[in-house]
**Q** 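This is the structure, below, for whatever I ask next.
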Amino acid sequence: MARPDRFVPTPKDKFTFGLWTVGNIGRDPFGGPTRPALSPAEVVDLLGEVGGVYGVNFHDNDLIPIDASEAQAGRIKQEFQAALKRTGLKVPMATTNLFSDPVFKDGAFTSNDRAVRAYAIQKTMKAMELGAEFGAKVYVFWGGREGTDTLASKDPVQAALWFRQAMDFLCEYNLDRKFGYKFALEAKPNEPRGNLFFPVSGSYLGFIAGLKHPEMVGLNPEFAHETMAGISFVQVVGEALAAKKLFHIDLNDQEPGRFDQDLRFGSVNYKQAFFLAKLLIDYGYSGPKHFDSHAYRSSDRADVIEFARGSMRSWKILEDKVAQFNADKEIQSLLARIVREDAALARISGKFTKGNAQALLNYSFDRQAMTDRPLPYEKLDQLVFDLIMGVR
Ligand code: GCO
Ligand code: MN
Ligand code: MN
């Protein structure tokens with residue numbers, strides 16, 4: 001009997017896609033669509049065909065076009081709901097499109113125009129209602145147009161304060177309407193604007209601390225965005241976990257120094273992808289794993305399905321590799337030798353008391369002995385390479 005393929009996903013894996021991801025029509029700044037547009041219900045059916053997907057996420061206007069009438073909106077929602085029922089897909093996350101409409105040409109919450117800022121808040125309030133209708137519990141904020149093309153145009157201090165005002169308003173609204181959302185802020189260094197505010201996840205970690213409801217707000221870090229900024233995504237996610245702020249995650253891939261590519265997860269940076277999987281597994285991340293990516297422009301519908309299946313398959317394979325890493329005696333004994341503890345030093349340097357401070361001041365360190373301790377990282381790193389490449 002053939003063994004079941006252990007890399008086939010199930011909804012328990014909590015893999016999600018956005019309507020805009022598998023629904024991407026292959027348009028770029030240099031050329032028009034290469035794939036036909038799908039209705040929201042058709043995207044859900046496509047994900048049903050992919051198999052093993054947990055959920056589908058949307059921007060307000062992925063579901064309901066910005067100019068739709070009440071009647072149109074009602075019909076779309078009904079069709080979408082029916083598709084969710086047929087496929088068993090959930091809607092764990094929702095978000096607002098605050099970047100496509102020309103009104104947001106100079107930003108939304110950070111537009112120089114009070115009317116645009118107020119409209120952005122209103123649009124988000126309505127979109128929160130829409131997400132809640134479909135059961136979403138995470139609400140993502142990606143400030144697509146929040147930024148500048150010329151530094152002459154905007155006061156960055158003022159912009160940060162405007163952004164904070166909008167967040168505080170929407171946190172209160174969330175409480176008032178009892179939506180129960182957790183907000184997840186998504187940073188990006190540039191694109192579509194030359195400079196985006198809050199360019200990296202760390203900017204948001206600092207920002208959150210100054211909010212009226214910091215407990216409600218966390219991060220939605222994206223693999224490609226931190227990679228565009230030349231930062232290790234694994235370290236960013238580690239810091240989010242340490243701060244208990246990993247509320248959601250956008251998985252994809254990216255070559256540094258390029259435009260925003262939104263490549264299939266695992267297609268470029270195998271090592272970052274491996275250590276990311278290890279981090280999320282080791283620390284028991286249980287939220288959705290959202291693929292914010294799209295198939296190559298050259299792909300047709302059948303290849304879009306392969307793209308979606310491949311995204312999940314790569315994660316499942318990496319899970320397997322992580323289990324192998326964690327069970328590998330040689331790797332684990334190396335790690336055990338590398339990480340050193342010292343009970344006496346842990347006591348006097350772990351927590352400040354006047355006594356501990358004095359004991360630490362009095363302690364005499366052997367710098368040479370500390371320097372001489374071996375750190376066989378070359379050996380460790382090669383073992384990781386062998387393991388990922390499947391020869392171990
Ligand atoms: C991008 C962003 C978006 C957001 C999405 C949800 O670079 O275009 O990653 O895809 O994730 O708007 O907030
Ligand atoms: Mn992105
Ligand atoms: Mn994203």
**Q** Just so I know, are the side chains of L175 and M216 near enough to count as touching, which here means a heavy-atom distance under 4.5 Å?
**A**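 A side-chain contact under 4.5 Å exists here.
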**Q** Examine distances only and state if a side-chain atom of T96 and a backbone atom of L98 form a donor-acceptor pair shorter than 3.5 Å.
**A**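 Side chain of T96 to backbone of L98, a donor-acceptor pair under 3.5 Å: no, none is there.
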**Q** Counting N and O atoms only, with roles assigned by atom type, does the side chain of K245 sit under 3.5 Å from a partner on the main chain of V217, one being a donor and the other an acceptor?
**A** yes
**Q** side-chain contact (heavy atoms from CB on, under 4.5 Å) for F223 and V268? Distances and angles first, verdict last.
**A** CA-CA 11 Å; F223 197 123; V268 182; over 6 Å; no
**Q** Answer yes or no: is there an ion pair linking K188 with D260, defined by an N-O contact shorter than 4.0 Å?
**A** yes
**Q** Compute whether any side-chain donor of one residue and acceptor of the other, for Q254 and H225, lie under 3.5 angstrom apart.
**A**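 The criterion, which ignores hydrogens and geometry beyond distance, is not satisfied for H225 and Q254.
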**Q** Would you find more than 12 non-hydrogen atoms of other residues, nucleotides or ligands less than 6.0 Å from E191 atom CD?
**A** yes
**Q** Mind checking side chain to side chain contact (heavy atoms under 4.5 Å, CB included) for S100 and listing every partner two or more places apart, or none if nothing turns up?
**A** N97
**Q** Do the non-hydrogen side-chain atoms of F325 and I281 ever get within less than 4.5 Å of each other?
**A**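 Not touching, per the 4.5 Å side-chain cut-off.
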**Q** Would you say the side chain of F141 lies within less than 4.5 Å of the side chain of L170, judging by non-hydrogen atoms?
**A**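 Of all side-chain heavy-atom pairs linking F141 with L170, at least one is under 4.5 Å.
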**Q** State whether D13 and K289 are salt-bridged, where the test is any N-O pair (Lys NZ or Arg NE/NH1/NH2 against Asp/Glu carboxylate O) under 4.0 Å.
**A**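 No, no charged N to carboxylate O under 4.0 Å.
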**Q** Could you tell me whether R373 atom CZ has more than 12 heavy atoms of other residues or ligands within 6.0 Å of it?
**A** yes
**Q** In the structure I gave you, are the side-chain heavy atoms of L130 and F58 within less than 4.5 Å of one another anywhere?
**A**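 Yes, at least one pair of side-chain atoms sits under 4.5 Å.
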**Q** Is E129 paired with K126 through a side-chain N to carboxylate O contact shorter than 4.0 Å?
**A** no
**Q** Return yes if a side-chain donor-acceptor contact under 3.5 Å exists between D282 and N326, otherwise no.
**A**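 Their side chains do contain a donor-acceptor pair, which is all the 3.5 Å distance test asks for.
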**Q** Is there a donor-acceptor pair under 3.5 Å between the side chain of E239 and the backbone N or O of G202?
**A** no
**Q** Is the shortest heavy-atom distance from the side chain of F352 to the side chain of L360 under 4.5 Å?
**A** no
**Q** Is a salt bridge present between R301 and E42, judged by a nitrogen-to-oxygen distance below 4.0 Å?
**A**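 Salt bridge between R301 and E42, a charged N being under 4.0 Å from a carboxylate O: no.
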**Q** Any donor-acceptor pair under 3.5 Å linking the side chain of R145 with the backbone of F99?
**A** yes
**Q** Do K271 and D381 meet the salt-bridge criterion of a basic N to acidic O distance under 4.0 Å?
**A**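 Looking at K271 together with D381, the answer is yes, because their closest N to O distance falls below 4.0 Å.
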**Q** Output yes when a side-chain donor or acceptor of H248 lies under 3.5 Å from a complementary backbone atom of P288, and no otherwise.
**A**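 Side chain of H248 to backbone of P288: no pair is present.
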**Q** Go through it in stages, so that I can follow the logic: the residues are L246 and Y283, the test is side-chain contact (heavy atoms from CB on, under 4.5 Å), and I'd like the CA-CA distance, side-chain angles, deciding distance and then a yes or no.
**A** CA-CA 11 Å; L246 190 67; Y283 283 90; over 6 Å; no
**Q** Counting neighbours of CZ on R392 that are heavy atoms of other residues, nucleotides or ligands and sit closer than 6.0 Å, is the number greater than 12?
**A** yes
**Q** Okay, side chain of N190, backbone of R193: is any donor-acceptor separation there less than 3.5 Å?
**A** no
**Q** Rounded to the nearest 0.5 Å, how far apart are CG of D342 and OH of Y363?
**A**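 One finds 5.0 Å between CG of D342 and OH of Y363.
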**Q** Would you say F179 has more than 12 foreign heavy atoms packed within less than 6.0 Å of its CZ?
**A** yes
**Q** So with a 6.0 Å cut-off around CD of E215, is the heavy-atom count from everything else above 12?
**A** yes
**Q** Would you say the side-chain atoms of Q81 pair up with the backbone N or O of I76, donor to acceptor, closer than 3.5 Å?
**A**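 No.
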**Q** Using a 3.5 Å distance criterion without hydrogens, assess whether the side chain of N252 forms a donor-acceptor pair with backbone atoms of R264.
**A** no
**Q** Could you check whether any side-chain heavy atom of R177 comes within less than 4.5 Å of a side-chain heavy atom of M128, counting everything from C-beta outward?
**A** no
**Q** Stepwise, does the side-chain contact (heavy atoms from CB on, under 4.5 Å) test hold for K123 with D101?
**A** CA-CA 12 Å; K123 190 171 192 289; D101 195 85; 5.8 Å; no
**Q** Do E146 side-chain atoms and F109 backbone N/O form a donor-acceptor pair below 3.5 Å?
**A** yes
**Q** More than 12 heavy atoms of other residues, nucleotides or ligands under 6.0 Å from OH of Y270: is that the case?
**A** no
**Q** How many angstroms lie between atom CG of D320 and atom CD of Q324, to the nearest 0.5 angstrom?
**A** 7.5 Å
**Q** Which residues pass the ring pair (Phe, Tyr, Trp, His ring centres under 6.0 Å) test with F197, not counting sequence neighbours?
**A** none
**Q** Do any N or O atoms from the side chain of K154 and from the backbone of T110 form a donor-acceptor pair under 3.5 angstrom?
**A**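 It does hold such a pair.
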**Q** Any chance the rings of W20 and H290 have centres within less than 6.0 Å?
**A**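 Under 6.0 Å, so yes.
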**Q** Classify the side-chain pair R347/N356 by whether it contains a donor and acceptor separated by less than 3.5 Å.
**A**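 Short answer, no.
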